[in-house]
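Nothing fancy with the numbering, it's 1 onward along the sequence. Heavy-atom basis, side chains included; hydrogens, waters and symmetry copies ignored.
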Amino acid sequence: MPLALLALAVGAFGIGTTEFVMMGLLPDVADDLHISIPSAGHLVSAYALGVVIGAPLLAAATARVSRRKVLIGLMLLFVAGNVLSAFAPDYHWLLAARFLSGLPHGAFFGVGAVVATNLVAPERKARSVSLMFLGLTVANVVGVPVATLMGQHMGWRSTFLGVSVIGLLAVVSLALLVPRDGTHGLAAGLRGELAALQSLPVWLALGTTVAGFGALFAAYSYITPMLTDAAGYADSSVTLLLALFGVGATAGNLLGGRLADRSMRGTLFGGLVSLAAVLALFPVLMATAWSAALAVVLLGTAAFVTSSPLLLMVMEKASSAPSLASSANQAAFNLANAGGAWIGGLALAAGLGVTSPAVVGAGLAVLGLGVAGVAYVVDKRGPVSAGGRERVVASHVPEHAESVHH
């Protein structure tokens with residue numbers, strides 16, 4: 001695997017750290033800025049909103065720019081957002097800075113996925129994507145806990161300065177390791193990129209992402225009360241258990257990348273079935289401490305097995321605009337984050353029990369499996385993409401299509 005994937009992973013590590021660390025710093029930020037915890041929670045939403053808005057817009061707007069330059073520019077924007085977060089004088093400035101930090105998130109992963117797949121042989125595309133996302137999953141194991149402790153002992157502003165340093169390291173790595181290239185979009189530019197998304201298979205793939213990862217976040221958003229109220233863990237143990245989720249996510253991500261190179265569709269179906277089964281068993285697994293810890297690991301593994309095949313499926317269905325398509329998949333991921341948390345909260349509010357969000361999540365996983373099944377049927381009937389060519393999900397992109405990416 002080429003060293004350029006390491007540069008992408010470093011950027012992903014920084015992005016994953018800054019995305020999730022705010023959850024652990026909310027009390028510190030609230031106390032320092034004299035705001036309520038719910039108001040501080042809007043800082044999480046502001047970042048997610050930046051991802052949803054920035055992912056497709058920045059990917060489409062930079063359609064005629066070198067991928068290498070786009071990646072470096074996006075990471076510089078990420079650094080700027082985190083530096084502004086560190087020096088924000090009040091809540092409203094911090095809110096704006098968090099939104100700015102989120103803007104490059106989706107486009108970075110979108111353009112990065114295209115770069116990663118073009119660096120390797122066709123039979124290694126899924127593994128190359130999984131190695132890029134390795135930075136994101138490892139961030140949950142190492143980056144977020146370390147950054148949270150740093151913020152708690154040195155002040156929350158130091159966390160964002162630390163993340164800014166990681167971002168600068170990513171900029172240097174990208175400049176040194178990512179090969180120079182031409183443009184990453186077709187000559188049609190913005191209009192051509194957007195036209196490529198006018199395809200039913202693309203939207204079915206995005207819908208699978210929303211439902212599948214909505215299932216994850218329906219449960220994961222409320223994992224702390226499940227572990228403390230149902231499994232009997234102390235609050236102080238939750239950070240370690242969440243690191244176990246990161247371990248499971250890392251294993252699932254690497255496993256999914258390897259399996260998807262052999263069978264993309266089979267890996268996707270298998271991952272969604274496994275996710276539905278794990279979530280359905282949560283009420284039983286949360287009955288004892290050891291099985292609850294196992295459930296956390298299995299949740300991360302089952303969910304992230306699907307990450308590489310989902311991303312590659314979206315890219316192949318919009319072959320003339322892979323950067324925009326994979327960026328749109330990141331927006332779908334964040335919509336799943338918000339939507340899944342909302343649906344899981346409805347189950348809790350209805351008094352269905354502390355583990356009810358997981359059961360609801362199992363239903364969403366089944367829904368995702370249904371959407372993926374519809375996509376399979378559409379593929380069998382030979383759908384035609386917006387570019388006028390038939391695109392069938394396969395374990396690799398044909399050689400002639402590879403030249404389009406370059």
Side-chain angles (χ1 to χ4, degrees), residues 1-22 24-25 47 50-51 54-55 58 62 65-88 97-98 100-116 118-120 128-181 184 243 246 249-250 253-254 327 330:
M1 288 292 178
L3 282 176
L5 294 177
L6 175 62
L8 295 173
V10 172
F13 179 82
I15 289 175
T17 300
T18 204
E19 178 181 17
F20 293 106
V21 75
M22 182 56 74
L25 296 178
Y47 185 93
V51 177
L58 290 178
T62 57
V65 184
S66 159
R67 295 188 189 112
R68 178 174 174 273
K69 291 180 179 178
V70 170
L71 288 171
I72 292 172
L74 290 171
M75 191 50 58
L76 287 173
L77 181 60
F78 169 80
V79 171
N82 281 279
V83 170
L84 290 173
S85 296
F87 293 101
R98 286 291 290 172
L100 180 64
S101 299
L103 285 176
H105 176 129
F108 180 87
F109 281 110
V111 176
V114 179
V115 170
N118 285 339
L119 288 170
V120 298
S128 71
V129 170
S130 70
L131 288 177
M132 178 185 69
F133 277 102
L134 185 64
L136 182 66
T137 55
V138 170
N140 283 282
V141 182
V142 179
V144 173
V146 170
T148 300
L149 289 174
M150 182 178 174
Q152 291 171 345
H153 291 87
M154 301 173 61
W156 63 268
R157 297 177 187 275
S158 66
T159 295
F160 293 108
L161 288 176
V163 171
S164 300
V165 172
I166 297 173
L168 291 175
L169 290 175
V171 170
V172 174
S173 300
L174 291 167
L176 294 176
L177 300 178
V178 174
R180 298 179 183 276
D181 64 333
H184 74 257
T250 300
N253 175 53
L254 293 175
S327 298
Q330 291 300 308

Nearest heavy-atom contact between Pro104 and Ser101 is CD-O, 3.2 Å
Taken to the nearest 0.5 Å, the spacing of Leu58 CG from Leu77 CG works out to 7.0 Å
Heavy-atom distance under 4.5 Å between the side chains of Val51 and Leu103, does that happen here?
no
Subject >> Side-chain donor/acceptor of Ser128 to backbone N/O of Ala116, under 3.5 Å >> reply: yes
One should read off an interatomic distance between Ile72 CD1 and Phe108 CZ, to the nearest 0.5 angstrom, of 10.0 Å
Using a 3.5 Å distance criterion without hydrogens, assess whether the side chain of Arg157 forms a donor-acceptor pair with backbone atoms of Ala88. yes
Value for CG (Leu169) from CG (Leu174), rounded to nearest 0.5 Å, stands at 11.0 Å
Tightest non-hydrogen contact, residues Gly106 and Ala55, listed as CA-CB, 3.7 Å
dist Leu76:CG -> Lys69:NZ (nearest 0.5 Å) comes out at 13.5 Å
In this structure, OG of Ser130 is separated from CG of Leu136 (nearest 0.5 Å) by 12.5 Å
Separation between OG (Ser164) and CG (Leu84), nearest 0.5 Å, reads 9.0 Å
What one should report as the nearest heavy-atom pair of Val115 and Val178 is CG1-CG1, 4.3 Å
Taken in chain and number order and not counting sequence neighbours, the residues that satisfy side-chain contact (heavy atoms from CB on, under 4.5 Å) with Thr18 are Tyr47, Phe78, Asn82, Arg98, Phe160, Val163
Between Leu119 and Pro179 the two heavy atoms that sit nearest each other are CD2-CG, 3.7 Å
Answer whether the closest heavy-atom distance between the side chains of Ser85 and Thr159 falls below 4.5 Å. no
Going by atom type alone, with no hydrogens or angles, which donor-acceptor pairs under 3.5 Å involve a side-chain atom of residues 4-15 and a protein atom two or more places apart or on another chain?
none

On a heavy-atom basis, the closest approach of Thr250 and Val138 is OG1-N, 3.8 Å
Heavy-atom closest pair (Ser327 atom, Gly110 atom, distance to 0.1 Å) is OG-CA, 3.4 Å
